[in-house]
Participant: 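One structure coming up, written as structure tokens, with questions to follow.
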Number of protein chains: 2
Amino acid sequence: MSCEQETALALHAAGRRSTTPRIKVASALQHAGGHLTAEEIHALIQETDHQAAIALSTVYRTLETLKEIRLVAEADGGPRATYEWVDREHPHSHLMCRACGREAMLPPQFVAEFASRIEATAGFEVHLDHFVVPGLCADCRATEGRA
Amino acid sequence: MSCEQETALALHAAGRRSTTPRIKVASALQHAGGHLTAEEIHALIQETDHQAAIALSTVYRTLETLKEIRLVAEADGGPRATYEWVDREHPHSHLMCRACGREAMLPPQFVAEFASRIEATAGFEVHLDHFVVPGLCADCRATEGRA
DNA sequence: GCCCGTCTTGCGAATATTCACAAGAGTACA
DNA sequence: TGTACTCTTGTGAATATTCGCAAGACGGGC
């Protein structure tokens, strides 16, 4: 239950109310792990809680709210947006290949240094919690070179 | 007319056909400058060319194609996606404040160095042509601190 | 210049996401 | 604990974006 208390605290700290739908969406994302679409989150909540269903539009709004207070990150890349819980202890970003679709981990210190350079020069606080860098992986570059 | 020839060449180089809708969409983005939604591009083409209208779904597909061959970059951030022509001579990225919505320029060499570190260590070719970094600008940080 | 195979387009329909507004729930304060 | 104020939710509708398929256009080879 401590996860849920953490979510509630973070909401209060941001001046937002702690409500049942918010706790449920956050909880679903935390426990499922990985990338989920709004639809999947909605279904997951219905399964867990047959009684108190929440509306799909509420899921979307709630995800927007959780994104604003940086508990959740959105990762586009396709017809449907996906969402992931932000692990504050282990922030990470991805490299995503546009050719084969595979994802690789991006060393967090690269992002951290990039962010701190921007903060130092522009005074801008960078929010790259879970950031997807598009490009071509080494394998696909080799293939394209040959083709 | 050289802009249009450039677009045609880039399409051919990527193994895509050079068609009227593609040239028109590219041309609209080049000449309008700045961020346009699909709807705006569509309207712009209708105004310029009363005769040969193109379908909105074609505008979407065409933008997807131009994005793939990196002539165009998409910048989300809102209910509607916006698109911008990529200026190969002057690549640039933005800092966008989540609180006030203002945009600032991000020094291109920061992005370039970030990209080259990734390429050097992972062999991954980074495609950050026109990249929007979310966060909080100096002004809004000050305001939030006070609040 | 013409023909063929393949890539694109236009159309209409399906899907994903956002919006408006009235009803309901959380929080601060007495 | 009760009350009032404001923020959130649910509902249904509006909007943005994607998809499937048949017809049309591009480009290579003759």
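A note on names: the letters A, B, ... follow the listed sequences, proteins ahead of strands, and every chain is numbered from 1. Side chains included, hydrogens not; waters and symmetry mates left out as well; all remaining heavy atoms used. Predicted, not measured: the structure shown is a model, and the values here were computed from it.
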Participant: Round to a whole Å and report the spacing from CD of B/E39 to C1' of C/dT17.
Facilitator: 16 Å
Participant: Kindly determine whether A/E125 and A/H127 satisfy side chain to side chain donor-acceptor pair (under 3.5 Å), including the steps that lead there.
Facilitator: CA-CA 7 Å; A/E125 180 183 309; A/H127 293 181; 2.8 Å; yes
Participant: Counting only heavy atoms and a strict 4.0 angstrom limit, can you tell me which residues of residues 62-70 of chain A come near DNA chain C?
Facilitator: none
Participant: Run the numbers on B/R61 and B/E64 for salt bridge (Lys or Arg N to Asp or Glu O under 4.0 Å), then give the verdict.
Facilitator: CA-CA 5 Å; B/R61 268 183 305 217; B/E64 209 52 41; over 6 Å; no
Participant: When you get a sec, tell me which of D/dG10, D/dT17, D/dT9 is the closest nucleotide to the side chain of A/A55?
Facilitator: D/dG10
Participant: Verify, without hydrogens or angle tests, whether B/E84 (side chain) and B/V72 (backbone) share a donor-acceptor contact under 3.5 angstrom.
Facilitator: no
Participant: Please check this pair: side chain of B/S93 against backbone of B/F131, looking for a donor-acceptor N/O pair closer than 3.5 Å.
Facilitator: yes
Participant: Whole angstroms only, please: what is the NE2-C1' distance between B/H42 and C/dG10?
Facilitator: 11 Å
Participant: Check A/R102, A/R98, A/M96 against A/C137 for a side chain to side chain contact (heavy atoms under 4.5 Å, CB included) and give me the one that passes.
Facilitator: A/R102
Participant: Backbone N or O of A/R17 within a donor-acceptor pair of the A/R22 side chain at under 3.5 Å?
Facilitator: yes
Participant: What pairs of nitrogen or oxygen atoms, one from the protein and one from nucleotides 19-26 of chain C, lie under 3.5 Å apart?
Facilitator:
{"unit_1": "C/dG26", "atom_1": "N2", "unit_2": "A/R17", "atom_2": "NH2", "d": "3.1"}

Participant: For B/T37 and B/T82, indicate whether the former's side chain and the latter's backbone hold a donor-acceptor pair under 3.5 Å.
Facilitator: no
Participant: Does A/Y60 put a side-chain nitrogen or oxygen below 4.0 Å from OP1 or OP2 of C/dT17?
Facilitator: yes
Participant: C/dT15 P sits how many Å from A/L56 CG, rounded?
Facilitator: 14 Å
Participant: Of A/R16 and A/A38, whose closest DNA chain C nucleotide lies nearer the 5' terminus?
Facilitator: A/A38
Participant: Are A/H90 and A/H92 close enough that their ring centers fall under 6.0 Å?
Facilitator: no
Participant: Measure from CD1 on B/I23 to P on D/dA25 and round the result to the nearest Å.
Facilitator: 17 Å
Participant: Which class fits the ring pair B/F114 and A/F114: parallel under 30°, tilted 30 to 60°, perpendicular over 60°?
Facilitator: parallel
Participant: What is the separation between atom NZ on A/K24 and atom P on D/dT8, rounded to the nearest whole Å?
Facilitator: 18 Å
